[in-house]
Enquirer: 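Starting off with a structure, shown below.
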Amino acid sequence: MIDYKMLVNEAYEGQKMAYAPYSNWVVGAALLTKSGKIYRGCNIESATFSPTNCAERTAFFKAISEGERDFVAIAIVGNAKDAEMGTADVCPPCGVCRQVMAEFCNLDFEIVLAKSYDDYQVYTLGELMPLVSLPIK
Ligand code: THU
């Protein structure tokens, strides 16, 4: 059983590291591996915009570069930098991040979208990405 609350909490910890001086939209992610390890991520922006990396991909690339290949769930939180806790809506992953998830995860991979520490919705990758281009096996 996945401890969603714990994973959301980890995503908020990741969000504290966000580097988002251009959009002021701070995002955090926490990626849970099958072995129980958690990799946090934050968004990292650039003055030239296109090198910007989303929080989700930061978490995935940290994990993949450490040899992880089996993933269970990711929690994602995002809000304007000065927003008060509880006022945010969910921050669904962008198409590029969904494609990275599809590369490394099964369609039952769980995506936890949180608005606050105890208000979250759980989706599967299959729900968020139908008709997906899957990796060649
Ligand atoms: N961003 C994420 O990190 N994850 C998402 O799911 C949506 C968007 C980042 C990218 C950029 O730094 C900022 O949020 C505004 O789009």
Side-chain angles (χ1 to χ4, degrees):
M1 200 51 212
I2 298 168
D3 187 345
Y4 295 120
K5 277 200 168 193
M6 174 277 299
L7 205 56
V8 168
N9 195 63
E10 289 288 327
Y12 277 113
E13 287 302 307
Q15 186 188 35
K16 290 178 183 169
M17 301 300 165
Y19 177 76
Y22 304 103
S23 73
N24 274 322
W25 184 257
V26 287
V27 186
L31 176 62
L32 176 65
T33 70
K34 205 172 169 184
S35 64
K37 233 175 140 180
I38 291 169
Y39 290 84
R40 294 176 185 165
C42 63
N43 56 331
I44 304 166
E45 298 188 343
S46 164
T48 51
F49 288 17
S50 74
T52 292
N53 207 54
C54 291
E56 298 90 321
R57 274 175 290 140
T58 301
F60 266 95
F61 294 158
K62 281 172 69 178
I64 292 157
S65 65
E66 296 293 324
E68 302 285 356
R69 289 294 184 273
D70 295 315
F71 303 105
V72 176
I74 190 167
I76 305 163
V77 298
N79 51 262
K81 198 170 195 299
D82 300 321
E84 277 175 44
M85 175 59 75
T87 60
D89 205 342
V90 293
C91 179
C94 78
V96 172
C97 288
R98 293 182 200 204
Q99 190 63 49
V100 169
M101 291 174 196
E103 186 69 31
F104 291 99
C105 306
N106 297 323
L107 293 177
D108 62 357
F109 176 73
E110 292 187 75
I111 299 163
V112 185
L113 303 180
K115 295 182 187 186
S116 69
Y117 285 101
D118 50 16
D119 185 0
Y120 55 82
Q121 307 157 13
V122 185
Y123 298 89
T124 63
L125 180 59
E127 286 174 322
L128 292 194
M129 203 161 181
L131 297 178
V132 59
S133 296
L134 292 169
I136 299 161
K137 298 277 183 207

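First listed ligand is number 1; within each ligand, the first listed atom is number 1.
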Enquirer: Side chain or backbone, does Asn43 bring an N or O within less than 3.5 Å of an N or O on ligand 1?
Expert: yes
Enquirer: Can you list the ligand 1 atoms lying under 4.0 Å from a non-hydrogen atom of Ser23?
Expert: 13 (C), 15 (C)
Enquirer: Would the distance check show the side chain of Arg98 and the main-chain N or O of Pro93 forming a donor-acceptor pair, the cut-off being under 3.5 Å?
Expert: yes
Enquirer: Apply the side-chain contact (heavy atoms from CB on, under 4.5 Å) test between Val77 and each candidate in Glu10, Glu13, Lys115, Gln15; give the one that qualifies.
Expert: Gln15
Enquirer: Under 3.5 Å between any N/O of Val27 and any N/O of ligand 1: does that happen in this structure?
Expert: no
Enquirer: Which atoms of ligand 1 are found less than 4.0 Å from any heavy atom of Pro92?
Expert: 6 (O)
Enquirer: Mark up the atoms of ligand 1 that fall under 4.0 Å of a heavy atom belonging to Cys91, in ascending order.
Expert: 5 (C), 6 (O), 7 (C)
Enquirer: Please determine if Asn53 has a nitrogen or oxygen closer than 3.5 Å to a nitrogen or oxygen of ligand 1.
Expert: no
Enquirer: Decide whether an N or O pair under 3.5 Å exists between Ile76 and ligand 1.
Expert: no
Enquirer: Counting the benzene-type ring for Trp, do Phe71 and Phe109 have ring centres under 6.0 Å apart?
Expert: no
Enquirer: Using the rule that two of Ile, Leu, Val, Met, Phe, Trp, Tyr join whenever any of their side-chain heavy atoms come within less than 4.5 Å, decide whether Val122 and Met1 are in one cluster.
Expert: yes
Enquirer: Got the closest protein heavy atom to atom 16 (O) of ligand 1, with its distance?
Expert: Trp25 CD1, 4.6 Å
Enquirer: Please examine the side chains of Tyr123 and Pro92, heavy atoms only from C-beta on, and report whether any two atoms are closer than 4.5 Å.
Expert: no
Enquirer: For Cys97, which part has a heavy atom under 4.0 Å from ligand 1: side chain, backbone, both, or neither?
Expert: neither
Enquirer: Under 4.0 Å, heavy atoms only, figure out whether ligand 1 is touched by the backbone of Cys54, its side chain, both or neither.
Expert: both
Enquirer: Closer than 4.0 Å to some heavy atom of Glu56 - which atoms of ligand 1 meet that?
Expert: 2 (C), 3 (O), 4 (N), 5 (C), 6 (O)
Enquirer: Going by the atom numbers of ligand 1, which of them fall below 4.0 Å from some non-hydrogen atom of Pro93?
Expert: 6 (O)
Enquirer: Distance check, rounded to the nearest 0.5 Å: Arg57 atom CZ versus Asn43 atom CG?
Expert: 10.5 Å
Enquirer: For ligand 1, which atoms sit closer than 4.0 Å to a heavy atom of Glu45?
Expert: 11 (C), 12 (O), 13 (C)
Enquirer: Membership question, hydrophobic clusters at under 4.5 Å side-chain separation (ILVMFWY): are Leu31 and Met101 in the same one?
Expert: yes
Enquirer: Of all the heavy-atom pairs spanning Ser133 and Ala102, show the shortest one and how long it is.
Expert: O-CB, 4.4 Å
Enquirer: So Ile38 and Met6, do their side chains get closer than 4.5 Å, heavy atoms only?
Expert: yes
Enquirer: Checking Glu110 against Tyr4: is there a side-chain donor and acceptor pair closer than 3.5 Å?
Expert: yes
Enquirer: Can you find a protein heavy atom closer to atom 6 (O) of ligand 1 than 4.0 Å?
Expert: yes
Enquirer: Starting from atom 3 (O) of ligand 1, which protein heavy atom do you reach first, and at what distance in Å?
Expert: Ala55 N, 2.9 Å
